[in-house]
Amino acid sequence: MPNKLKVIFCWHLHQPVYRDWQSGQYQLPWTYLHGIKDYVDMVAHLEAVPAARVVINLVPVLLEQIEDYAQQISQFWQTATPLSDPLLAALVTDPPYAPWLNHHFPHLEHKKTTSVHSLPPQHYAKMELLRECLRAHPQQMIQRFQPYHELAELAEMLKQSPTLVNYLDDYYFSDLVVWYHLAWLGETVRHSQPLVQTLMKKGRGYTLVERQQLLELIGRLLASIIPRYQALAQRGQIELSFTPYAHPIMPLFLNVQSAREALPEISLPVLSNYEDGEARMRWHLQAGLATFERLLQMKPQGCWPAEGGISVATVRLLEEFGIRWVASGESVLRKSLNKAGLHGETIYRPYQLSNSTVQCFFRDDKLSDLIGLEYSTWNAAEAVDNLLCQLENIAKTANQSEAQVVSIILDGENAWELYPDNGYDFLSWLYQRLANHPKLELTTFADCLNLGAAELPVLVAGSWVYGTFSTWIGEADKNRGWQMLDEAKQKFDELSPQLAPAERVLAERQLAICEGSDWCWWLGDYNPAVTVREFEQLYRLHLISLYHLLKTSPPSYLLI
């Protein structure tokens, strides 16, 4: 029987650092919400189909935050230590909006409405809980559940007339915060947990005891995530790979000018290079590997670099750390082959730079984007049929095209809220259909290292988005983000030698958080204004924290 076409699904799990060092508070709740929805669902689908094999890429700062949330909830029960995420704390406080009574709300500062600014703290707190509990997909997460839909409709009306929140009693806010968390639970949790089924059937009038029970379940779910992925990796069902510590775009830190390889005319920030960029990337690699090995008790063989950003210098640096494979976007390969004068080569095989020990795999953009952007609007069975048909067509011509392995790479979290039931039917059928397919074999990158890599004479630096770095650098707002980071790095170089060793460790970690790719991703007027404002505020808070750790005043332009 001829060899099956190898198919690799690489699910990238990532959230940036949302906790503010100064206040100790989580500014945004996305780590724990994706934890109880997507991270538990993704592993549960794999547990249900033991023959399905995939790659799971984990970012160290995500792992640390999952660990922190689980520990916080445990400490809450043991010692009544307050939870540092106000939305999570709302589940177990009376009234539920109490965590916001003494908060500062920077997202309201731009508003000039007298009725808003004249509200007492209780009204601010109620409005903030309303705002938080509407942050869910309207069709798939709010309208799906009638009691939640009714609560959300009232919340939407009150956003337009904030003074009317005084007419709502605490029972309304209790029900709203419970339903928000019920809607964010994974579909596999909904199917398997009697508590969830009981709460959903009840519909309204939730007691503090029931809210506490829900928090207890959330704590168990979060505490189970890392051990469950670890168990699947230990039995060989999944391969776990990593991204350097805080998700920095390595090529730009190694050489800012590498952005010109794919876009020669790009307008770069006013800095010739990021000082000690190579040393900083070594730090991210060392810290990332240390965190990965501490929490998962294994060393990864492969790396999805932040944003699939690679360059020759990036690959050479990964070699030094014993990394055996790296993955990036299809457009990076296309641009590289074109520059080398090579045409017609398949994307469905590994490539390798001359004298390199690292094999490079490249994402099938079309198939990956179908899952991430298109199939959510299809009938699940038809979507799986369509994907399998396209894979089978690649397999049919594999002998002529020299296709060996198809790499499908995308986020393992963001797409599913667009799907009915968090993608439950799609993922279930996908794994079941592929697990024992006669022509297709689910596998991992590590298991494809013996296929024989083709030589890649040229590697044009780029990312998974367009094969360029334009999503993170080149526009005025993004370039300003780099300049703010560069100025903070200069202050770090000046003042960190004066710190005590333990203080320097904290400052170095804070600098790494500021070097993450997420901040400049969101800067720019083509993104939703509310999200841009939130991430810019968080970026500025992280930079301010760095200055404070360096025992100096932050520049006035950072103050919000």
Side-chain angles (χ1 to χ4, degrees), residues 18 23 25-30 32-34 36-37 83-185 199-200 203-208 210-211 214-215 218 417 528-535 537-538:
Y18 294 119
S23 66
Q25 295 288 304
Y26 278 92
Q27 303 298 302
L28 294 168
W30 305 126
Y32 91 82
L33 291 177
H34 282 294
I36 64 176
K37 184 170 80 74
L83 298 166
S84 65
D85 188 308
L87 183 58
L88 191 61
L91 271 176
V92 289
T93 55
D94 258 339
Y97 48 82
W100 288 279
L101 285 174
N102 297 312
H103 267 217
H104 170 62
F105 303 113
H107 60 277
L108 294 178
E109 292 301 316
H110 68 290
K111 293 188 176 182
K112 303 299 183 183
T113 307
T114 302
S115 61
V116 172
H117 279 280
S118 63
L119 291 175
Q122 185 182 45
H123 288 216
Y124 268 109
K126 289 179 178 180
M127 289 166 54
E128 188 65 10
L129 183 55
L130 293 180
R131 188 182 81 96
E132 290 288 343
C133 289
L134 291 175
R135 290 154 73 97
H137 192 276
Q139 288 75 39
Q140 305 302 349
M141 298 176 69
I142 297 179
Q143 295 170 17
R144 176 185 177 189
F145 305 108
Q146 186 60 28
Y148 182 25
H149 187 200
E150 293 172 357
L151 294 165
E153 284 187 316
L154 182 54
E156 288 286 359
M157 290 193 306
L158 289 167
K159 282 169 57 179
Q160 307 305 317
S161 302
T163 56
L164 297 180
V165 296
N166 205 32
Y167 292 95
L168 292 178
D169 60 27
D170 293 348
Y171 295 109
Y172 169 84
F173 293 98
S174 175
D175 286 355
L176 182 64
V177 76
V178 168
W179 265 109
Y180 185 74
H181 285 89
L182 289 175
W184 267 93
L185 288 173
L199 293 177
M200 292 180 66
R204 56 180 52 85
Y206 299 111
T207 66
L208 179 59
E210 288 170 324
R211 286 154 50 195
L214 184 53
L215 177 67
I218 289 171
E417 69 184 61
V530 172
T531 306
V532 170
R533 187 164 59 248
E534 287 178 339
F535 274 85
Q537 287 169 351
L538 184 53

Chemist: Go through the structure and list residues passing salt bridge (Lys or Arg N to Asp or Glu O under 4.0 Å) with R204, not counting sequence neighbours.
Modeler: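 Salt bridge (Lys or Arg N to Asp or Glu O under 4.0 Å) list for R204, sorted by chain: E150.
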
Chemist: If I take atom CD1 from residue I36 and atom CD1 from residue I218, how far apart are they, to the nearest 0.5 angstrom?
Modeler: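 If I round to the nearest 0.5 Å, the distance is 4.5 Å.
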
Chemist: Quick one: list whatever passes side chain to side chain donor-acceptor pair (under 3.5 Å) with T531, sequence neighbours left out.
Modeler: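 Expected list: none.
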
Chemist: Work out which heavy atom in Q27 is nearest to a heavy atom in L538; give both atom names and the distance.
Modeler: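 Taking Q27 first and L538 second, the nearest heavy atoms are CG-CD1, 3.7 Å.
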
Chemist: Who are the ring-ring contact (aromatic ring centres under 6.0 Å, His included) partners of F145, not counting sequence neighbours?
Modeler: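 F145 satisfies ring-ring contact (aromatic ring centres under 6.0 Å, His included) with W179 only.
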
Chemist: Using side chain to side chain contact (heavy atoms under 4.5 Å, CB included) as the criterion, list what pairs up with E132, not counting sequence neighbours.
Modeler: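 Scan of E132 (side chain to side chain contact (heavy atoms under 4.5 Å, CB included), adjacent residues dropped) gives P29, L87, W100, E128, R135.
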
Chemist: Does any pair with a residue in residues 89-100 pass salt bridge (Lys or Arg N to Asp or Glu O under 4.0 Å), and if so which ones, sequence neighbours excluded?
Modeler: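 Found D94-R211.
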
Chemist: Got a second to check how far D175's CG is from D169's CG, nearest 0.5 Å?
Modeler: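 Interatomic distance, D175 CG to D169 CG, rounded to 0.5 Å: 9.0 Å.
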
Chemist: Would you compute the distance between atom CG of L151 and atom CD1 of I142 and round it to the nearest 0.5 angstrom?
Modeler: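 Rounded to the nearest 0.5 Å, the CG-CD1 separation comes to 10.5 Å.
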
Chemist: Restricting to side chain to side chain donor-acceptor pair (under 3.5 Å), what partner residues turn up for K126, sequence neighbours left out?
Modeler: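 Result, side chain to side chain donor-acceptor pair (under 3.5 Å) vs K126: none returned.
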
Chemist: Apply side chain to side chain contact (heavy atoms under 4.5 Å, CB included) to L154 and Y172, showing your working.
Modeler: CA-CA 10 Å; L154 182 54; Y172 169 84; 3.6 Å; yes

Chemist: Taking the side chain as C-beta and beyond, is there a heavy-atom pair between L130 and F173 under 4.5 Å?
Modeler: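 A side-chain contact under 4.5 Å exists here.
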
Chemist: Distance from L33 atom CG to D85 atom CG, nearest 0.5 Å?
Modeler: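 Spacing of CG (L33) from CG (D85) equals 7.5 Å.
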
Chemist: Restricting to non-hydrogen atoms, name the atom on L83 and the atom on Q25 that form the minimum distance, rounded to 0.1 Å.
Modeler: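 Shortest heavy-atom separation between L83 and Q25 comes out as O-NE2, 4.5 Å.
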
Chemist: Nearest 0.5 Å, please: how far is OG1 in T163 from NE2 in H123?
Modeler: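 Reported to 0.5 Å precision, the distance equals 8.0 Å.
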
Chemist: Does Q122 have any side chain to side chain donor-acceptor pair (under 3.5 Å) partners at least two apart in sequence or in another chain, and if so, which?
Modeler: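 If we apply the side chain to side chain donor-acceptor pair (under 3.5 Å) test to Q122, skipping adjacent residues, the hits are Y97.
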
Chemist: Which heavy atom of Y18 sits nearest a heavy atom of L28, and at what distance?
Modeler: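 Y18 and L28 have their closest heavy atoms at CB-O, 3.5 Å.
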
Chemist: Can you list the residues that meet the side chain to side chain donor-acceptor pair (under 3.5 Å) rule with Y180, with sequence neighbours excluded?
Modeler: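 Once residues adjacent in sequence are excluded, the partners of Y180 under the side chain to side chain donor-acceptor pair (under 3.5 Å) criterion are W184.
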
Chemist: When rounded to the nearest 0.5 angstrom, what distance separates NZ in K159 from CE in M127?
Modeler: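 With rounding to 0.5 Å, NZ (K159) is 10.0 Å from CE (M127).
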
Chemist: Taking ring-ring contact (aromatic ring centres under 6.0 Å, His included) as the test, write out the residues that go with Y32, two or more places apart.
Modeler: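 Y32: ring-ring contact (aromatic ring centres under 6.0 Å, His included) contacts with Y69, H181.
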
Chemist: Applying ring-ring contact (aromatic ring centres under 6.0 Å, His included), name anything that partners F535, two or more places apart in sequence or on another chain.
Modeler: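 In terms of ring-ring contact (aromatic ring centres under 6.0 Å, His included), with neighbours along the sequence ignored, F535 is linked to W522.
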
Chemist: Listed by chain and number, what are the salt bridge (Lys or Arg N to Asp or Glu O under 4.0 Å) partners of E417, not counting sequence neighbours?
Modeler: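 By the salt bridge (Lys or Arg N to Asp or Glu O under 4.0 Å) rule, E417 matches no residue at all.
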
Chemist: Taking only residues two or more places apart in sequence, or in another chain, which ones meet Q160 in a side chain to side chain contact (heavy atoms under 4.5 Å, CB included)?
Modeler: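 For Q160 there are no side chain to side chain contact (heavy atoms under 4.5 Å, CB included) partners, ignoring immediate neighbours.
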
Chemist: For P96, is there any backbone N or O sitting under 3.5 Å from a side-chain donor or acceptor partner on D170?
Modeler: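 No, the answer is negative, given that no donor and acceptor are paired below the 3.5 Å cut-off.
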
Chemist: To check you understand the geometry: which heavy-atom pair defines the closest contact between V92 and L215, and what is its length?
Modeler: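 That closest heavy-atom pairing would be CG1-CD2, 3.5 Å.
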
Chemist: So, do Y124 and L101 sit near enough that their side-chain heavy atoms are less than 4.5 Å apart?
Modeler: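 No, too far: nothing below the 4.5 Å cut-off.
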
Chemist: Answer whether the closest heavy-atom distance between the side chains of Q537 and R533 falls below 4.5 Å.
Modeler: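 Yes. Closest side-chain heavy atoms under 4.5 Å.
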
